[in-house]
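Sequential numbering from 1 along the given sequence is applied to the chain's residues. If you're wondering where the values come from, they're calculated on a predicted model, not measured in any experiment.
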Amino acid sequence: MKSKFSQGVATTLTNLVVTSAVVVGFMTLFWMTPRPRSDRSIPPAIESYNESLPQPLAMTGGDPHIRALMRTISASESNVRRPYSVLYGGQYLENLSRHPDRCIRIVAGPNTGNCTTAAGRYQFLTTTWHEQARRYHPQRTAMRLWHEYSFEAEYQDAVVYAWLKDSRVWGEDIPALLEQGKLDRVLRMLSGTWTSLGYGIETNSMSQYLPTIYQEVLQEELRSAS
């Protein structure tokens, strides 16, 4: 016959074993449950993919494949309700008469501690915006080196659209690649410019969904064009 002390010890050990088994079970279930990729670089205000597609473009017309690509890029770069006005970190601009050129401290990812001037639907840095606006902005001028180009929504679209269509810049015909179904090749090519497309240094929680998003918005764009 066991003593009360022995019975107490046995009960305690049994409880510990049961509790440990429950904890291990929960931890195993947690780690085995599929989840979006960890996000080390996404700005705090960026929203997760919740089955809603990226908003339509402000510009009208153009190649449906490029339009779908632009919406796909913005799905990982500016997945918010007002993408054309958003700054890195989630604040919004009220004045789009020019690029804001605000340097905001980066709080996550490989560039933590630096600052970025990324703004708008395509998160243009100030220098990139001026460089590309000089080439593709509908109101561009050759008379001034640092012209303050309008940053309104339709101009953000127009600059990116013309940039993506310029095969001299990329060394590839992006519209042709998209028509051939080579989206992965295009996203890989563009990842040096937009680093959240799945092949760059700032993959985020949206990156894995981009091929699916592209196919869905492409169908929308093709229907609108027909």
Side-chain angles (χ1 to χ4, degrees), residues 41-50 52-64 66-109 111 114-166 169 174 190 193-197 200 202 204 206 210 213-214 217 220-221 224:
S41 60
I42 197 167
I46 298 298
E47 300 161 3
S48 61
Y49 178 47
N50 60 356
S52 61
L53 298 179
Q55 297 177 19
L57 302 182
M59 66 173 277
T60 58
D63 184 327
I66 295 293
R67 291 177 58 90
L69 177 62
M70 293 165 65
R71 292 175 65 184
T72 302
I73 292 171
S74 71
S76 65
E77 292 286 327
S78 58
N79 186 30
V80 293
R81 293 180 181 83
R82 295 168 54 197
Y84 292 102
S85 303
V86 72
L87 294 169
Y88 172 87
Q91 295 182 23
Y92 288 101
L93 296 166
E94 298 303 327
N95 182 357
L96 294 179
S97 63
R98 57 186 289 273
H99 188 287
D101 192 26
R102 295 183 194 171
C103 207
I104 299 172
R105 188 170 180 271
I106 298 173
V107 297
N111 292 314
N114 296 328
C115 76
T116 177
T117 56
R121 183 161 190 166
Y122 310 99
Q123 292 292 281
F124 272 113
L125 303 178
T126 304
T127 51
T128 306
W129 169 250
H130 282 276
E131 179 182 355
Q132 303 310 327
R134 279 200 300 273
R135 294 177 176 173
Y136 307 116
H137 199 288
Q139 297 178 336
R140 63 186 179 277
T141 173
M143 300 301 292
R144 301 167 65 179
L145 291 178
W146 195 260
H147 179 69
E148 293 293 357
Y149 296 96
S150 171
F151 201 57
E152 294 290 344
E154 61 269 32
Y155 295 127
Q156 293 181 37
D157 283 347
V159 169
V160 171
Y161 182 85
W163 188 12
L164 291 172
K165 289 206 62 171
D166 193 343
V169 173
I174 291 178
L190 299 180
T193 300
W194 289 285
T195 55
S196 65
L197 300 184
E202 294 177 313
N204 63 41
M206 294 299 295
L210 297 184
I213 291 172
Y214 172 80
V217 294
E220 276 192 6
E221 296 294 341
S224 297

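- At a threshold of 4.5 Å between non-hydrogen side-chain atoms, the residues Leu197 and Ser76 count as touching.
- Contact between Val86 and Ser78 at its shortest, heavy atoms only, is CG1-CB, 3.9 Å.
- In this structure, the side chain of Asp157 engages the main chain of Met59 through a donor-acceptor pair within 3.5 Å.
- No donor-acceptor pair closer than 3.5 Å links the side chain of Tyr84 to the backbone N or O of Phe151.
- Ile66 contributes atom CD1, which lies 8.5 Å from atom CE of Met70 (distance to the nearest 0.5 angstrom).
- Using modelled atom types, one side-chain atom of Arg82 and one backbone atom of Leu93 make a donor-acceptor pair closer than 3.5 Å.
- The closest side-chain heavy-atom distance from Asn111 to Thr116 is not below 4.5 Å.
- Distance alone, capped at 3.5 Å, places no donor-acceptor pair between the Arg121 side chain and the Ser74 backbone.
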Decide side chain to side chain contact (heavy atoms under 4.5 Å, CB included) for Val80 and Tyr92; before the verdict, give the C-alpha distance in whole Å, the side-chain angles of both, and the deciding distance to 0.1 Å.
CA-CA 10 Å; Val80 293; Tyr92 288 101; 3.3 Å; yes

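- Distance OG/Ser196 to CD/Gln123: 9.0 Å, rounded to 0.5 Å.
- When the salt bridge (charged side-chain N to carboxylate O under 4.0 Å, His left out) test is applied to Glu152, no partner is found at least two apart in sequence or on another chain.
- The minimum heavy-atom distance linking Tyr214 with Ala68 is given by the pair CE1-CB, 3.6 Å.
- With sequence neighbours left out, the ring pair (Phe, Tyr, Trp, His ring centres under 6.0 Å) criterion links Phe124 to Trp129.
- The CD atom of Gln91 lies 6.5 Å from the CZ atom of Arg102; values are rounded to the nearest 0.5 Å.
- A heavy-atom distance below 4.5 Å is not found between the side chains of Ile104 and Cys115.
- Between the Gln55 side chain and the Arg81 main chain, a donor and an acceptor come within less than 3.5 Å of each other.
- Between the Arg134 side chain and the Arg140 main chain, no donor and acceptor come within less than 3.5 Å of each other.
- Taking CG of Asp101 as the reference point, atom CD of Glu148 lies at 8.0 Å (rounded to 0.5 Å).
- No hydrogens or angles considered: a donor-acceptor pair under 3.5 Å links the side chains of Tyr155 and Gln139.
- Looking at every heavy atom in both residues, Thr195 comes nearest to Glu77 through N-OE2, 3.9 Å.
- Distance CD1/Ile213 to CZ/Arg71: 10.0 Å, rounded to 0.5 Å.
- At distances below 3.5 Å, not a single donor-acceptor pair connects side-chain atoms of Gln156 with backbone N or O atoms of Gly120.
- Looking only at side-chain heavy atoms (C-beta outward), Asp166 and Tyr136 come within less than 4.5 Å of each other.
- With values rounded to the nearest 0.5 angstrom, Trp163 atom CH2 is found 8.5 Å from Leu190 atom CG.
- The two residues Tyr122 and Leu57 make their nearest non-hydrogen contact at OH-CD2, 3.6 Å.
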